[in-house]
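Okay, structure first, notes after.
Here the structure is a predicted model, which means the values were calculated and not measured. Below, read A as the first sequence line, B as the second, and so on, with proteins coming before strands; counting in each chain starts at 1.
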There are 2 protein chains.
Amino acid sequence: MFIYLPCTLTEIHCVQQIRQTLKKETALKIGIKDIAKQANVSIGTVDRVLHNRGDVAKSTREQVLSIIEELGYTPNLLAKSLASKTKYTISVLIPDPESNAYWEKPLAGIKAAAAEIKKFNFELQIATFDYSNENSFIEKANQILGSNPSGFIFAPVFYESSLKVIEKCDQLELSYVFIDVFIENCENLAYFGQNSAQSGYLAARLMSLSISQVISHIYIVKPLNPSAPVYHLNLREKGFVSYFSEENSDQAILHSMDVDISSPAALDESLDAIFASSNKPLGLFVANSRVHLVASYFEKNKIKNVILIGYDLLQENIEYIEKGIIQFLICQKPEEQGYKSVFALFNHLFLKHTVEKLNFSPIDIIMKENIEYYKNFKI
Amino acid sequence: MFIYLPCTLTEIHCVQQIRQTLKKETALKIGIKDIAKQANVSIGTVDRVLHNRGDVAKSTREQVLSIIEELGYTPNLLAKSLASKTKYTISVLIPDPESNAYWEKPLAGIKAAAAEIKKFNFELQIATFDYSNENSFIEKANQILGSNPSGFIFAPVFYESSLKVIEKCDQLELSYVFIDVFIENCENLAYFGQNSAQSGYLAARLMSLSISQVISHIYIVKPLNPSAPVYHLNLREKGFVSYFSEENSDQAILHSMDVDISSPAALDESLDAIFASSNKPLGLFVANSRVHLVASYFEKNKIKNVILIGYDLLQENIEYIEKGIIQFLICQKPEEQGYKSVFALFNHLFLKHTVEKLNFSPIDIIMKENIEYYKNFKI
DNA sequence: TAAAATACCGTTAACGTTAACGGAAAATAT
DNA sequence: ATATTTTCCGTTAACGTTAACGGTATTTTA
């Protein structure tokens with residue numbers, strides 16, 4: 001997907017030149033042999049200057065370099081991988097999908113990317129940690145750092161521990177990519193994730209569109225596990241709130257509500273309280289993928305005509321969208337985030353391309369009418 | 001993107017077996033040599049059975065085949081492409097992007113895919129035709145069919161002519177892929193495009209959400225070039241209409257309107273007529289990418305509070321979304337359609353994988369709040 | 001000034017596959 | 001019986017690159 005072998009105009013022109021000068025009909029693509037011949041050296045020397053392996057006189061080095069430039073040489077990656085003995089290992093450290101279903105998606109993307117670059121001598125090493133256990137993160141990270149990988153993809157959900165990991169990476173000159181969570185002022189190769197505040201803002205816009213009454217009570221629900229880190233939740237809430245303070249401030253009265261989902265009954269109680277109050281909600285914004293828990297409550301209690309907006313294409317959420325209980329899901333291509341994280345390292349380590357540092361996923365709006373085409377992950 | 005080289009458990013197991021039996025430490029991956037050794041034949045024979053090149057006794061053939069099966073041999077695609085002398089040519093025939101800006105997008109995807117598979121000896125041959133000139137389509141198609149390509153991607157926008165092209169393809173046993181437009185009951189390898197009716201249905205849902213008054217006049221605008229084929233337009237209209245007949249039939253009064261955009265003044269006149277009438281519109285659904293023409297009218301005439309929904313991420317449309325004049329754009333990943341069309345042929349011709357025949361793109365909903373992340377095409 | 005070290009460069013065997021070439025054995029024809 | 005096919009298979013030179021190995025000159029050291 002990201003492997004470009006551009007054939008520039010210059011290149012084409014030079015191929016034609018070479019064809020004429022060398023009088024060889026087979027010289028369709030410039031190879032290491034062509035530049036060796038042109039420079040009056042052997043392919044060994046060319047390879048030495050290409051890889052800075054030393055043992056070549058400054059003058060010949062420059063000569064070869066200029067011919068490489070002139071002919072617009074690009075290496076044949078197939079031959080390169082075939083002949084090369086260097087192996088690349090990409091280590092991955094993300095929350096365990098068993099305990100947090102969301103992470104199945106980035107993982108799927110990571111694996112898909114890995115399958116593609118396997119033929120270029122790239123190998124994956126996947127480790128997971130417990131989302132509600134900072135020590136497991138530290139432990140696994142240390143294991144990985146000790147194994148001397150070529151590149152490292154991780155979700156820096158624990159701030160302090162992550163800083164230490166980052167410091168170690170910098171020391172080891174190990175390229176690392178942040179996924180999902182972003183930490184500022186780092187030497188990370190890239191970040192792939194979402195713009196949480198903006199997605200909250202968008203959710204608010206959709207909410208605003210969907211509620212018709214002039215003044216409505218809208219609840220922001222934040223389902224969380226007390227021992228797990230909160231990162232996107234607050235940003236999403238912030239974005240949601242900022243919409244209504246900027247755009248339609250007289251339309252909505254906002255209420256924010258934390259719900260501990262480690263105990264099953266807690267959610268029910270909280271929601272009971274809301275629906276029993278005099279401030280009856282016309283809209284609920286659930287700031288993460290646990291929106292299906294709220295939807296389940298809606299179904300059980302036959303609540304209708306309340307707009308429900310949440311996050312992510314989990315199987316449970318898909319079902320509630322199709323039933324019409326959830327109106328909108330915001331989804332930010334988690335598979336793609338994983339996929340692209342791997343390719344960022346591939347581009348950097350193998351192709352020596354520069355990679356974009358900050359990469360936000362599109363904010364997909366999913367509703368009953370278009371969910372069909374988002375259900376199945378296909379890169 | 002679609003190149004999978006799965007390493008099954010069986011495969012891993014067998015590698016370990018081979019390691020033990022052959023006592024070779026280097027036997028990490030089963031190659032043609034390994035199966036030659038195991039079958040007591042030469043690599044030439046193995047290659048002959050692998051490619052059905054004949055000249056091999058039935059008994060040895062079966063022997064080799066069973067060992068291939070047993071060891072779970074998968075060819076090394078890099079070495080294959082390096083050594084192979086067979087070149088693949090994929091011909092493409094689509095409307096000229098110069099006359100129809102939409103087609104820049106599929107073309108971009110096609111080129112991106114081509115760049116990726118260039119290293120596997122795949123070459124692209126791109127031809128375009130005039131959207132309002134059926135003969136140009138026929139002419140170019142015949143040229144392509146005469147050039148004996150390995151695969152053919154085209155937009156069958158002219159029905160009758162396309163049928164003839166398809167017949168010719170079937171005769172030549174040439175694999176062909178439909179892009180954008182679908183013709184039923186064909187032997188096409190695949191189709192990549194959009195579900196037009198569903199996108200219209202979705203647009204109607206968005207319209208319904210956005211208009212607040214109980215009874216509203218809504219206009220369906222179909223900007224078209226009289227000499228050019230109409231395909232998606234009517235389906236989108238159909239979907240749009242069907243929503244309001246199914247879901248909120250008492251909310252909207254629908255009006256349909258064809259506009260000839262070959263003369264610049266025609267649109268103005270038609271819109272003037274609408275806005276001067278007693279049935280003032282509260283929503284306009286423009287069924288193709290020319291929605292920017294309507295938006296321009298809105299801007300010029302300072303029309304506010306009328307919901308405008310259209311199609312596709314053309315630069316002009318992007319600007320009107322950002323200005324808040326267009327509320328929604330429906331977009332169906334045209335780049336991806338082009339990209340995937342090429343890869344369908346790659347999968348079929350090179351990898352010998354089976355490919356899905358019917359492929360609809362997701363229906364992306366784009367509004368001011370999320371357009372930022374859809375602007376730039378990145379596969 | 002001879003010996004040792006260094007700087008520089010060419011040669012070559014891989015990597016896994018393709019496909020042309022040729023040759024031995026078996027089958028058929030004369 | 002020999003001559004001629006036919007069947008079947010092994011050998012080998014590519015494909016473009018990597019990287020180890022070894023070999024000249026040239027410079028440095030003793």
Side-chain angles (χ1 to χ4, degrees), chain A residues 5 15 18 24-65 68 71 73-88 118-121 350-352, chain B residues 5 15 18 24-65 68 71 73-88 118-121 350-352:
Chain A
L5 290 175
V15 171
I18 274 292
K24 282 183 65 178
E25 291 205 296
T26 49
L28 287 158
K29 178 125 210 275
I30 301 296
I32 212 176
K33 277 186 210 165
D34 300 307
I35 68 178
K37 191 174 294 178
Q38 202 76 350
N40 261 323
V41 292
S42 74
I43 57 166
T45 305
V46 175
D47 189 67
R48 268 186 289 267
V49 346
L50 277 173
H51 298 91
N52 290 314
R53 286 202 280 117
D55 279 351
V56 39
K58 199 181 167 193
S59 61
T60 52
R61 183 185 147 79
E62 279 164 4
Q63 164 77 342
V64 168
L65 240 28
I68 286 173
L71 299 191
Y73 165 78
T74 52
N76 182 324
L77 299 183
L78 304 195
K80 184 172 170 146
S81 290
L82 237 202
S84 177
K85 284 116 176 62
T86 58
K87 307 275 174 199
Y88 299 87
K118 193 180 162 189
K119 52 179 163 310
F120 296 106
N121 299 326
F350 191 78
L351 301 182
K352 317 281 185 201
Chain B
L5 289 175
V15 169
I18 274 290
K24 283 182 67 180
E25 291 206 296
T26 49
L28 287 158
K29 178 124 209 277
I30 301 297
I32 210 176
K33 277 186 210 164
D34 301 308
I35 68 178
K37 191 173 293 177
Q38 202 77 350
N40 262 322
V41 293
S42 75
I43 58 166
T45 303
V46 175
D47 189 66
R48 268 186 288 267
V49 346
L50 277 173
H51 298 90
N52 289 313
R53 287 201 281 117
D55 279 353
V56 38
K58 200 181 166 194
S59 61
T60 51
R61 183 185 148 78
E62 279 165 3
Q63 163 78 343
V64 169
L65 240 27
I68 286 173
L71 300 190
Y73 166 79
T74 52
N76 182 324
L77 298 183
L78 305 194
K80 182 173 173 144
S81 291
L82 236 203
S84 177
K85 282 113 176 62
T86 58
K87 307 277 175 197
Y88 299 87
K118 194 179 162 191
K119 52 180 162 312
F120 295 106
N121 299 326
F350 191 78
L351 300 183
K352 318 280 184 202

> What distance separates B/L77 CG from A/S81 OG, expressed to the nearest 0.5 Å?
Replying inline: 12.0 Å
> Just how far is it from atom CG of A/L78 to atom CZ of A/F120, taken to the nearest 0.5 Å?
Replying inline: 6.0 Å
> What does the inter-axis angle of the helix from C/dT1-D/dA30 to C/dT30-D/dA1 come out as, five pairs per end, nearest 10 degrees?
Replying inline: 60°
Report the distance from atom [atom1] of [X] to atom [atom2] of [N], rounded to the nearest whole Å.
X      : N      : atom1 : atom2 : value
B/L82  : C/dA14 : CG    : P     : 17 Å
A/D55  : D/dT26 : CG    : P     : 17 Å
A/K87  : C/dC15 : NZ    : P     : 11 Å
A/N121 : C/dG16 : CG    : P     : 10 Å
B/L351 : C/dT17 : CG    : P     : 15 Å
A/N76  : D/dA14 : CG    : C1'   : 14 Å
B/I35  : C/dG16 : CD1   : P     : 13 Å
B/N40  : D/dC8  : CG    : P     : 18 Å

>> Can you confirm whether B/T86 sits close enough to B/N121 that some side-chain heavy atom of one is under 4.5 Å from a side-chain heavy atom of the other?
In response: no
> Do A/D34 and A/K29 come within less than 4.5 Å of each other through their side chains, counting heavy atoms only?
Replying inline: no
> Testing B/N76, B/L71, B/T74, B/I68 for side-chain contact (heavy atoms from CB on, under 4.5 Å) with B/I30, which one passes?
Replying inline: B/L71
Is there any protein nitrogen or oxygen under 3.5 Å from a nitrogen or oxygen in nucleotides 24-27 of chain C, and what are the pairs?
none

> Could you give all pairs that pass the salt bridge (charged side-chain N to carboxylate O under 4.0 Å, His left out) test and reach residues 74-85 of chain A, with sequence neighbours left out?
Replying inline: none
Any [X] side-chain nitrogen or oxygen under 4.0 Å from OP1 or OP2 of [N]:
X      : N      : answer
B/K119 : D/dG16 : no
A/T60  : C/dC8  : no
A/T45  : C/dC8  : no

> Between A/Y73 and A/I35, what is the shortest heavy-atom contact and its length?
Replying inline: CB-CG2, 4.5 Å
> Where do A/S42 and A/A36 come nearest, in terms of heavy atoms and distance?
Replying inline: C-CB, 3.8 Å
Taking only N/O atoms, report every protein-nucleotides 18-20 of chain D pair under 3.5 Å with atom names and distance.
from   : atom 1 : to    : atom 2 : distance (Å)
D/dT18 : OP1    : A/H51 : NE2    : 2.7
D/dT18 : OP2    : A/D47 : OD1    : 2.4
D/dA19 : N7     : A/R53 : NH2    : 3.0

Side-chain donor/acceptor pairs under 3.5 Å, residues 43-51 of chain A, sequence neighbours excluded:
from  : atom 1 : to    : atom 2 : distance (Å)
A/D47 : OD1    : A/H51 : ND1    : 3.1
A/D47 : OD2    : A/R53 : NE     : 3.4
A/D47 : OD2    : A/R53 : NH2    : 2.5
A/H51 : ND1    : A/D47 : O      : 3.0

> Pairs in or reaching into residues 56-65 of chain B: which pass side-chain hydrogen bond (donor to acceptor under 3.5 Å, both in side chains), with residues at least two apart or in two chains?
Replying inline: B/N52-B/R61
